[in-house]
Number of protein chains: 2
Amino acid sequence: MNMSNCRQCIIKRFNALKTLTNEELERISDHKTSLLIKKGENLMTEGNAINGLYCIKDGKGKLTKLNTNGKEQIIKFIKGGDILGHRSILSEDLVGLNAIALEDMHVCFIPKGDILDTIKENTQFSLNLMKNISQQLNDANTSISQMAQKPVKDRLAETLLYLEEIFGVDNEKCIDVVLTREEIANTIGTATESAIRLLSNLKKDGVIDLLGKRIKIINKIALKNISEGY
Amino acid sequence: MNMSNCRQCIIKRFNALKTLTNEELERISDHKTSLLIKKGENLMTEGNAINGLYCIKDGKGKLTKLNTNGKEQIIKFIKGGDILGHRSILSEDLVGLNAIALEDMHVCFIPKGDILDTIKENTQFSLNLMKNISQQLNDANTSISQMAQKPVKDRLAETLLYLEEIFGVDNEKCIDVVLTREEIANTIGTATESAIRLLSNLKKDGVIDLLGKRIKIINKIALKNISEGY
DNA sequence: AAAATAAAATGATTTTTATCATTTATTAAA
DNA sequence: TTTAATAAATGATAAAAATCATTTTATTTT
């Protein structure tokens, strides 16, 4: 059984679950399970069937896809407030992406049946899910375009700005997520060495600072310009 | 006024509109308008507001995005049976892509209000729209991964297979869509000259044949292997 | 704390891809 | 149907990015 109650949960305010009625929340609260996903563990795995919706309470993660050649492509980053698995539930497809914890994550799992029932009875919830996926689709289309047409340096600049936007900064003004250089490379779609080299160049140019794995954006305007090809 | 009636329209069988009730079809039929989009014309334009759903009766088109540097990226191809504009309606965003006719297209336009009403009253229609967008999102994620990690040659092979799958072949077994070399390049995200060169190589290797602009796949297995990096 | 392992950084080199220049072919216009 | 315009093809070269090799720096493990 589960100590925590969905009605009291503050994280639901940040996603489609905010539209649920008290009655719906009670039902979900009774059926949900809480999970601890440790750093490096998979919350969802590409190719598996899905049997519910995940709501991330806290922690950070990455959504990845394994290429035919075995290389990991990071498609998106996730954090508290995000929901996962609804795409797969709605399309009745297998899961398309791996969800992997970048740090320990607390996650709630809501069975598929409850979600489908709620979709059918609560139009607003339904509309919010659609809105969420629609925005993701728009973002994905933008990514395709940028992957296809921007050079690696521009994509790196873009990604650094995106990471700061998503995760914010810590008390030393560094982007508040710890990624390996390989993960950065797998986000922008380049070789690890290329990512390292370009990061070093950005540091040399005074646009960013590198404190171990942590990255601090020093000149956001310059970075924005680089991301647009100037 | 409009001669044609949605109830009789056969194209609706191929998309989410198939779940509409007779009553809903009548209402839509009364409000819809039919459009002829001539080759090269825009059906939707990036950045514009949307005020309805488009249902393509026949013809072929491309969905594109203009990059910051002014280059066109082709995100997806469209044809009879496809619906357009629902993503933008659902997310309440501006249109994200240009829809441009590759040949004359007949299209029905259904005002936004009717669509939103129908979403609210017909759960099955709603679910079908979600399913459609969910699948598009999955496809888009696959594209991101391939753009980021596959070399141009592999992406070209992939694209040729995709085009044949979407548009089929004509009576000479050529892929049944006419694209310029530039459009092919803008699909796979490369320079026009590179696309031309790689097409020439594939022809020299006997994998495809080039009859003017038309492309015939000769060895599908070889092409599939190339697309996977062999 | 020392040893072992993994990650990051850097250099040298090769491969891939883009760009520029020119020619040839195709399509559209006068 | 000849001319003009556009698209396709090809060669030469430059630029971008990947790969391989090695060193340095962190991070774990013993």
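In the text below, chain A, chain B and the rest are named by the order of the sequence lines, each starting its count at 1.
- For the pair B:Lys204 NZ and D:dA8 P, the computed distance is 19 Å after rounding to whole Å.
- Within the 3.5 Å criterion, the main-chain N or O of B:Thr190 finds no donor-acceptor partner in the side chain of B:Ser194.
- In 5' to 3' order, the nucleotides of DNA chain C bounding all contacts with chain A (an atom under 4.0 Å from a heavy atom) are C:dA7 to C:dA12.
- Within 6.0 Å of the NZ atom in B:Lys153, the count of heavy atoms belonging to other residues, nucleotides or ligands does not exceed 12.
- Residue-environment remark: CG (B:Leu211) exceeds the threshold of 12 foreign heavy atoms within 6.0 Å.
- Inspection of the A:Thr45 and A:Asn42 side chains reveals an N or O donor paired with an N or O acceptor under 3.5 Å.
- Rounding to whole angstrom units, CD of residue B:Glu182 and P of D:dA8 are separated by 8 Å.
- Within a heavy-atom distance below 4.0 Å of DNA chain C, the residues of residues 186-203 of chain B found are B:Thr190, B:Ala191, B:Glu193, B:Ser194, B:Arg197.
- Atoms CD1 (B:Ile184) and P (D:dA8) sit 8 Å apart, rounded to a whole Å.
- In this entry the distance linking NZ of B:Lys153 with P of D:dA18 reads 18 Å, nearest Å.
- Listed nucleotides: D:dA17, D:dA9, D:dA8. Nearest to the side chain of A:Val152: D:dA17.
- Between the side chains of A:Gln135 and A:Asp139, no donor N or O sits under 3.5 Å from an acceptor N or O.
- In this structure, CG of B:Asp209 is placed 16 Å from C1' of D:dA8, rounded to the nearest angstrom.
- Taking a 6.0 Å sphere around CD of A:Glu182, one finds it holds 12 or fewer heavy atoms contributed by other residues, nucleotides or ligands.
- A donor-acceptor contact under 3.5 angstrom links the side chains of A:Ser145 and B:Asn67, judged on distance only.
- Remark: the A:Ser91 side chain and the A:Arg87 side chain contain an N/O donor-acceptor pair separated by less than 3.5 Å.
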